[in-house]
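Read through the structure below, which is laid out as structure tokens, and then see the notes.
The structure displayed is predicted, hence computed values, not measured ones. Atoms within each ligand, like the ligands themselves, are counted from 1 in listed order.
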Amino acid sequence: MPIATTNPATGQVLKSYDPMSAEQIDAAIERADLAYRQLRGTTIAQRERWLTAAADLLEAERDETARLMTTEMGKTYAAAKAEVTKCATACRFYAAKAAEFLADEPADATAVKATRAFVRYQPIGPVLAVMPWNFPLWQVMRFAAPALMAGNTGLLKHASNVPQTALLLEDLFRRAGFPEGAFTTLLVGSAEVDRVLSDPRVRAATLTGSEGAGRSIAQIAGRELKKTVLELGGSDPFVVMPSADLDRAAEVATTARCQNNGQSCIAAKRFIVHADVFDAFAEKFAARMSALRVGDPMDPDTDVGPLASEGGRDEIHAQVRDAVDRGATVLCGGEPPAGPGWFYPPTVVTDLRPEMRMWSEEVFGPVAGLYRVSSYDEAIEVANGTAFGLGSNAWTRDPEEQERFATDLDAGNVFVNGMTTSYPELPFGGVKNSGYGRELSALGMREFCNTKTVWVGEGAATAGAGAHAE
Ligand code: NAP
């Protein structure tokens with residue numbers, strides 16, 4: 001894949017980059033390692049000042065940054081501005097919370113025959129971050145902010161279609177004051193990931209991306225015995241039960257499916273509706289989906305911009321065609337418009353069956369699958385009947401059902417009467433083929449820490465050390 005900015009609204013290539021050479025990659029890893037040695041010796045207060053400066057820069061430069069993201073991957077300008085603001089918020093969150101999240105945790109010293117015992121969280125070194133284009137700033141920031149605050153350094157291999165946003169991130173952390181090499185963008189293709197992750201100076205990797213990329217990175221990391229966090233795809237269920245507020249559910253369903261032009265791992269993708277309210281919900285949902293305006297992502301009246309790549313657009317159209325050819329019904333959309341740009345209309349498909357691709361595959365665009373079920377148990381069976389387990393949504397005003405959904409949905413998160421969203425305050429991640437490990441919250445920060453047990457005895461002849469070695 002070329003490393004280049006191509007405007008998805010026009011198909012025009014705007015800027016291309018030569019990939020870094022093996023020598024340049026090696027030099028970048030060396031700088032990351034040196035910067036780690038420096039960063040781990042700084043205080044949390046110092047790193048807090050740098051990360052706060054990054055938040056200030058993000059806010060001051062919000063509009064230019066947002067314009068760049070829209071040009072590189074097609075999200076609406078409004079959504080891009082919101083993404084920049086969210087990144088600044090995450091920086092401030094980790095700047096403020098790091099002292100609490102990294103504080104020594106006392107243990108019961110008596111129980112372990114110590115005078116003092118505690119857990120200390122320490123950085124581990126340079127971490128490779130392999131990131132996707134769909135939230136080109138946010139996906140990186142939710143790794144970078146906690147990792148840098150913990151004293152790690154970052155090596156970013158961003159998606160090949162967002163090189164300018166990738167370079168902007170390196171520049172941002174440098175201007176914020178972090179030491180040279182603390183955060184470095186590697187302009188490389190995915191074939192170079194093996195070289196970087198195999199390097200002994202690189203201590204771990206985080207990937208946000210597809211299942212295929214996850215398997216590949218996990219294999220390399222397994223061979224090299226390195227820790228990974230994998231945030232992979234999803235095919236999130238959005239269950240609507242008879243007691244739900246149908247108007248609100250249809251409104252949120254539309255946003256949940258079409259946010260980011262339908263290209264979000266936590267977009268609701270499968271709408272599982274109880275038969276008692278199926279027809280009413282389907283009508284409201286299809287009407288709202290059809291009413292969305294598709295067009296120039298810079299236009300403030302646009303709801304849905306282009307897909308990020310021609311291949312991505314062709315793939316979702318092939319998934320829809322496969323379903324239709326095997327007997328599915330299209331309630332709205334289903335045909336890409338003529339003309340330049342990789343646009344696709346919001347689409348609702350029903351009468352889906354297990355042999356259709358849409359039943360089991362992730363659909364990464366504004367296409368909703370609508371499923372009719374006749375009971376709570378069948379809703380759970382369809383919702384969990386996927387290889388993925390990232391987010392999930394359930395709409396019901398019945399308190400007992402709310403509790404059951406929270407337990408029974410097999411996913412990394414359950415949002416009841418809302419849509420799945422990431423917050424710095426809450427852990428984020430999946431189960432099954434959606435990956436493992438968690439980002440955000442204290443857990444996200446500690447994924448790339450050495451959770452070190454410290455045991456202190458009296459130092460006298462009767463001390464417990466070694467009494468029960470294991
Ligand atoms: P992708 O093809 O997996 O690309 C993601 C990143 O991985 C890019 O930097 C890509 O580099 C790299 N990559 C691809 N194949 C690789 C390999 N075999 N070895 C090493 N690196 C590799 O995914 P995408 O199509 O850009 O993004 C969409 C996918 O990401 C969807 O499945 C979506 O659900 C998932 N996603 C998950 C989350 C989450 O938090 N769970 C969030 C957002 C997106 P190149 O660009 O150079 O190919």
Side-chain angles (χ1 to χ4, degrees), residues 1-6 8 17 19-20 72-75 83 128-143 155-163 165-166 169 185-198 205-221 228-236 259-269 307-316 319 361-365 386-392 411-413 420-423 426-440 444:
M1 210 170 154
I3 300 175
T5 298
T6 306
Y17 294 83
M20 288 168 78
E72 289 207 297
M73 53 65 65
K75 67 173 62 214
E83 184 172 335
L128 169 65
V130 182
M131 291 288 151
W133 44 264
N134 61 341
F135 292 91
L137 209 67
W138 169 242
Q139 301 290 0
V140 178
M141 195 55 78
R142 68 190 198 181
F143 152 72
L155 288 159
L156 171 65
K157 182 263 172 280
H158 216 325
S160 294
N161 59 332
V162 290
T165 307
L169 279 153
T185 287
L186 303 173
L187 287 180
V188 295
S190 56
E192 296 302 325
V193 166
D194 196 336
R195 174 196 298 277
V196 179
L197 190 48
S198 304
T206 181
L207 162 79
T208 301
S210 60
E211 225 181 310
R215 288 182 198 283
S216 168
I217 286 178
Q219 271 175 14
I220 301 165
T228 50
V229 167
L230 301 182
E231 298 284 0
L232 310 178
S235 191
D236 291 5
Q259 56 165 325
N260 211 38
N261 310 341
Q263 304 159 117
S264 168
C265 54
I266 47 167
K269 290 166 188 150
L307 278 285
S309 69
E310 189 169 21
R313 199 261 305 260
D314 292 350
E315 178 72 359
I316 62 163
Q319 289 169 311
E361 294 178 9
E362 178 180 28
V363 183
F364 217 56
T386 162
F388 297 108
L390 191 55
S392 62
N413 65 65
T420 305
T421 312
S422 56
Y423 295 98
L426 291 173
F428 185 95
V431 295
K432 303 197 300 192
N433 290 7
S434 292
Y436 49 75
R438 290 292 178 266
E439 292 192 292
L440 302 174

List every atom of ligand 1 that sits less than 4.0 Å from any heavy atom of Q139, numbering the atoms from 1 in the order shown and giving each element.
-> 42 (C), 43 (C)
Protein heavy atom at shortest distance from atom 22 (C) of ligand 1 = S190 CB, 3.3 Å
Protein contact of atom 11 (O) of ligand 1 - nearest heavy atom, named by residue and atom, plus distance = K157 NZ, 3.1 Å
Is R142 near ligand 1, meaning one of its heavy atoms is under 4.0 Å from it?
-> yes
Relative to ligand 1, is N161 under 4.0 angstrom through side chain, backbone, both or neither, heavy atoms considered?
-> neither
Is K157 salt-bridged to E192, cutoff N-O under 4.0 Å?
-> no
Provide the number and element of each atom of ligand 1 under 4.0 Å from a heavy atom of L207.
-> 7 (O)
Can you list the ligand 1 atoms lying under 4.0 Å from a non-hydrogen atom of N134?
-> 43 (C), 44 (C)
State the atoms of ligand 1, each with its element, that fall below the 4.0 Å cut-off from a heavy-atom position in V130.
-> 6 (C), 7 (O), 9 (O), 12 (C), 21 (N)
In terms of residue, atom name and distance, what is the protein heavy atom nearest to atom 6 (C) of ligand 1?
-> M131 O, 3.4 Å
Would you mind listing which atoms of ligand 1 come within a distance below 4.0 Å of any non-hydrogen atom of L390?
-> 41 (N)
Decide whether the shortest distance between a heavy atom of F428 and an atom of ligand 1 is less than 4.0 Å.
-> yes
How close does the nearest protein non-hydrogen atom get to atom 47 (O) of ligand 1, and which residue and atom is it?
-> S160 OG, 2.6 Å
Test S309 against W133 for side-chain hydrogen bond (donor to acceptor under 3.5 Å, both in side chains), laying out the working first.
-> CA-CA 10 Å; S309 69; W133 44 264; over 6 Å; no
Atoms in ligand 1 with a heavy atom of S216 nearer than 4.0 Å = 17 (C), 18 (N), 19 (N)
Return yes when at least one protein heavy atom is under 4.0 Å from atom 30 (O) of ligand 1, and no when none is.
-> yes
Check each atom of ligand 1 against the heavy atoms of H158 and keep those under 4.0 Å away; list them by number with element.
-> 9 (O)
Would you tell me whether Y436 and T228 have side-chain atoms, one donor and one acceptor, within less than 3.5 Å of each other?
-> yes
Any idea which atoms of ligand 1 are less than 4.0 Å away from a heavy-atom of V193?
-> 20 (C), 21 (N)
Nearest-option assignment for atom 5 (C) of ligand 1, heavy atoms, candidates T208, N433, V162, L156 | T208
Set of residues satisfying side-chain hydrogen bond (donor to acceptor under 3.5 Å, both in side chains) with respect to Q263, sequence neighbours excluded | none
To which of P2, G429, S210 does the heavy atom nearest atom 23 (O) of ligand 1 belong?
-> S210
